[in-house]
Amino acid sequence: MASAAPGQSGSAAPLALQRGIVKMVLSGCAIIVRGQPRGGPPPERQINLSNIRAGNLARRAAAGQPDAKDTPDEPWGFPAREFLRKKLIGKEVCFTVEYKTPQGREYGMVYLGKDTTGENIAESLVAEGLASRREGIRANNPEQNRLAELEDQAKVAKKGMWSEGTGSHTVRDLKYTIENPRHFVDSMHQKPVNAIIEHVRDGSVVRALLLPDYYLVTVMLSGIKCPTFKREADGTETPEPFAAEAKFFTESRLLQRDVQIVLESCHNQNILGTILHPNGNITELLLKEGFARCVDWSIAVYTRGAEKLRAAERLAKERKLRIWRDYVAPTANLDQKDKQFVAKVMQVLNADAIVVKLNSGDYKTIHLSSIRPPRLEGEGTQDKNRKLRPLYDIPYMFEAREFLRKKLIGKKVNVTVDYIRPASTATETVPAFSERTCATVAIGGINIAEALVSKGLATVIRYRQDDDQRSSHYDELLAAEARAIKNGKGLHSKKEVPIHRVADISGDTQKAKQFLPFLQRAGRSEAVVEYVFSGSRLKLYMPKETCLITFLLAGIECPRGARNLPGLVQEGEPFSEEATLFTKELVLQREAEVEVESMDKAGNFIGWLHIEGLNLSVALVEHALSKVHFTAERSSYYKALLSAEEAAKQKKEKVWSQCEEVPVEEVVPVPEEKERTASYKPVFVTEITDELHFYVQDVETGTQLEKLMENMRSEIANHPPVEGSYMPRRGDYCIAKFVDGEWYRARVEKVESPARVHIFYIDYGNKETLPSTRLGTLPPAFSTRILPAQAIEYKFAFIQVPQDDDARADAVDSVVRDIQNTQCLLNVEHLGPSCPHVTLQFADSKGDVGLGLVKEGLVMVEARKEKQFQKVITEYLNAQELAKTNRLNLWRYGDFRADDADEFGYSR
C-alpha cells in the first residue's frame, strides 16, 4: 500500500489517491485498510470517513477498572457497521486523506473500486439514513452540499435513523460471558451456528459474535494449535516463528466474514469449535499450509474427521512448509521396502510385541505403536514370596496375549513402520531398552492395536505435543480407548479382575507323577505350545487342566543343542539349531493335541504331538532333522516313522548327510572301546548340600582368591557401605557380611522382604538368609569378570542317593564329617543335567569317597551301561553286596527294593 502524504486543510494541491484492501470495519465511519502482502503481513492504516458521523458501537468495561461500566450500542450504530462490513470487507478501495489530526487520526474520502468513479462510501451511508452529516468549517463545498442533499432525501423517505421511533430495536443485547459454557455448547447439539468473526487473536483463536442472540465468545479451533504471541513482563508481545503469518492467514479469510461455527466442546471459558466458510474449512487449510500442528487433547472432539487433519498435517510435513521447515520424518532413514511390508507372524512376545518372518527369511521383532500392555499397578499387588509370572499374574495380560495369538499366529499381516525408538540406557527406575521398531500392524484391514485397545486389553501412550514418534493412527487409538472406558471393557471394567491359577509342574517329579495317569487316560488332550527349548523338547500349556508341563517328543532322537554347565560349555550337535527352528515355525504358540505315554525321572512327560493332523515326530524325521529311536517300536506310529526315515536317508540331507552305506562284502571294523580317563586334580571341599551335591574350590587358583579377598576387605574397610543403601535384586552380585564379621562375595537368590534376602556365597557354595542391611554393592574391581566364582558344584558319580529324608541325612552327615573343609582329589566322569558327576578321593589315602559310602550302606549304586565304566561299577556293586550281607544302614532290613522300587523311585 502506498504511504500516505497527509493533506493540509484548505490546501489547493490535488489529494493523492491511494489504494488498499479493507481488512476491518471498526464502525459506521471508520475502516482499517491494508496493503498487499510481500514476504509477510502487510502494513495497515485506519481511515475515518470525513464529513459524516455514525453511531458508536458497544464497548466492554476495562478489566482493570472496577467502577467502569459496559457501554451499549448507540441506535443505528450496528446497522451502519453491518452495511459497511457487507459492502467492503476484502474489497479493493481507493481513498484520499483530506486531513490528519495532531494525534495521528486520518480523515478522508473512500471509494469502492480502483478510482473515484466508484461508489462514494460516505454518501451511501447518508443516503441509507445510517450516518448524519457533520456541520463544519467546510460546509459550503460540493461534497458537503451533496451530503446535505442525500440527508434530506433520507429524512423525507424516513430511512434509518430518520425513521419514526428511537431506534432502540437496533441496539444489540450483547452477552460477553456465558454462565455455563458446557451446557451452552451441549444445547447447540453440534448444529452450525451463524456468526461473525470479530477479532483474530492468533491463527487458531478468534472472537466470534454468535447470531441471532449476540453472544460474544472466544472460539479455539478444535484439533489444532498455531504459533502464538507470548506476552512479556513489560506488556509487549513476542511472536513465535510464523505466528504473525498464521494470524494474517486467518484474518485475511475470516475476519468480519459471515461464517458458521460448529460448537464441539469447551475448555475453561473458551469454546472449542470448527469454523465453516463457503470457501473451505480454515482448520484444514492452516494445517495444509504449515501454519498449525495437530493437538491430541482437542482433536478427539473434532467432528469433521480427525484423519483429515492428520492427512493435512502430514502433507505439510512432507513439503516442509513453514513450521515444519526443519522437520525430519521418524522413518526418513528407512527404504520404502522397510517402511511397509507383508510378513508372517511367528510369535507373540507379550501384549504389544510380535516376532514376524520377512520374505527374506529373517526374523524381526515388531512393537505395536503407541500402546502399553497391561501392567501391575502399585507395589502391594505382588506376593513377595512368589516369583512373578507376568503372563498369568498381571491382570488382563493373558487375555491380551491370547487375543493376539488367536488372531495373528501363522497369519500374514501388513506392517507399516511408524517410528524407530532408539536404544536407552538403564536408570534407577527404568531398565535399559534395545532399539525398537514400532509399527501399525493390520490384518484383513483391521488395525490390531486399535482392536486390542477397544477391548480394554491395552492403553494408549500419551506423548509430549512435539513428540512425533507415534502411531500413524493415533486418533483412532484414542477414540477406541474412549469407547473402552465408556463401556467398561477389560482394564477399565469395575468388575473383579480375572485370576489365572496356572500350576507349573515342569520338573516337579511328585506333581508330574500324580498328574500322569489323568493325561494317559485322556488320550488326546488340547495344548498350546508356549515355548520351544529344542527340536523335541517343548513347554505346553494345558487349558483344561490349567497347568504347564515340559513335553518330550517320543520315538525320535533329535540333535541336542548347546548347553552351558558350571565350568563347561557343551557344544550342540550338528543340525540342532535347524531342528529347533523347524519346530518353532511349525508349532510355537499354536493349538495342538498331545498323547502322553510316560514320563522320565526329571518329571518331563513323553508322548506324541499332533498339529493340524501332522505328527511332529514324523515331520522331524521326514525333514532329516531326527532319527528314529528304538523306543518307537512299541508305538502305532512306528511304520510312519520308519517310512519317513527311509525317505530322508535316500536324500542324504542334514542328519543323514554324513551317513555312508557300508557295502556288505566289506568287513566292518570294530571300533575301540572308549577308555575311562582318570585325571585327578586337587580341590578344596567347601560345602555339602542336603541333596549330597558339593562345592569345591580349585587348589591352583586358591591364592588368587585369598589375594582378592584381602584387597576387597581392605577396600571395604576404607570405604564401608552405608547401611541400608543397597537395594537387592534377584540375580545381582553383591557383598555380604557373614557371621564371622567378614565380607564375602555373594549372589542374591531371592528377595522376600528387606529383612529376608536369600543369598548364595559364590566362592564357597553355602547359602544364608540376611537382612539387606548386611549387604552392599560389590566393587567393580572385585567382580566375577576379574575372578570368576570359585565355588563349583559337583555330584557323586555311580551312586544313587536315598529318597528317604532320614537315610539321606545319614549319608550327608557322613560326607560332612569326612571331607568338608578338607583337600581332596577330583575326577570328572561324565556330565549330568545340572552339574558334572565326579569321583572324589581322599588326598592322603587315595580312597574313593563314593565307594566308601556304598561300603557303609549309606547309598546305592547307579548301574550305568557305558563300557568304560564297567570296571568301576563292578567294584561298586561288589561293595554294595557286602553291605547288604552285613545289613549295614540302608540294608538293615534286607533288600527293600525288590517290590517297592517303582513306588520309591529306585532302580536296581
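Computed over heavy atoms, backbone and side chain alike; hydrogens, waters and symmetry mates excluded. Not measured: the values here are computed from a predicted model.
- Without hydrogens or angle criteria, Asn889 side chain to Leu858 main chain gives no donor-acceptor distance under 3.5 Å.
- Under the salt bridge (Lys or Arg N to Asp or Glu O under 4.0 Å) criterion, Arg817 pairs with no residue at all, not counting sequence neighbours.
- Within a 6.0 Å radius of CZ in Phe533, more than 12 heavy atoms belonging to other residues, nucleotides or ligands are found.
- Put simply, the residue from Arg389, Lys539, Arg401 that forms a salt bridge (Lys or Arg N to Asp or Glu O under 4.0 Å) with Glu530 is Arg401.
- In terms of modelled atom types and a separation under 3.5 Å, the side chain of Gln880 and the main chain of Val861 share a donor-acceptor contact.
- A donor-acceptor pair under 3.5 Å is absent between the side-chain atoms of Ser845 and the main chain of Phe842, judged by distance alone.
- Note that OG of Ser617 is 5.0 Å distant from CH2 of Trp608, once rounded to the nearest 0.5 Å.
- In this structure, Arg590 places its CZ atom where more than 12 heavy-atom neighbours from other residues, nucleotides or ligands lie under 6.0 Å away.
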Please walk me through it: do Glu881 and Lys884 pass salt bridge (charged side-chain N to carboxylate O under 4.0 Å, His left out)? CA-CA 5 Å; Glu881 289 304 316; Lys884 280 186 201 176; 3.2 Å; yes

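- Within the 3.5 Å criterion, the main-chain N or O of Phe869 finds no donor-acceptor partner in the side chain of Arg676.
- Atoms OH and CG, on Tyr794 and Asn827 in that order, are 10.5 Å from each other to the nearest 0.5 Å.
- Applying the 6.0 Å contact sphere to CD of Glu577 captures no more than 12 heavy atoms from other residues, nucleotides or ligands.
- By the 6.0 Å and 45° rule, Arg713 stacks over the aromatic ring of Tyr744.
- Under a cut-off of 6.0 angstrom, the local environment of CD in Glu723 is sparse, with at most 12 non-hydrogen atoms contributed by other residues, nucleotides or ligands.
- Around the CD atom of Gln870, the shell of radius 6.0 Å holds more than 12 heavy atoms that belong to other residues, nucleotides or ligands.
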Please determine whether side chain to side chain donor-acceptor pair (under 3.5 Å) holds for the pair Tyr695 and Thr689, giving the CA-CA distance in whole Å, both sets of side-chain angles, and the decisive distance to 0.1 Å. CA-CA 8 Å; Tyr695 288 87; Thr689 74; over 6 Å; no

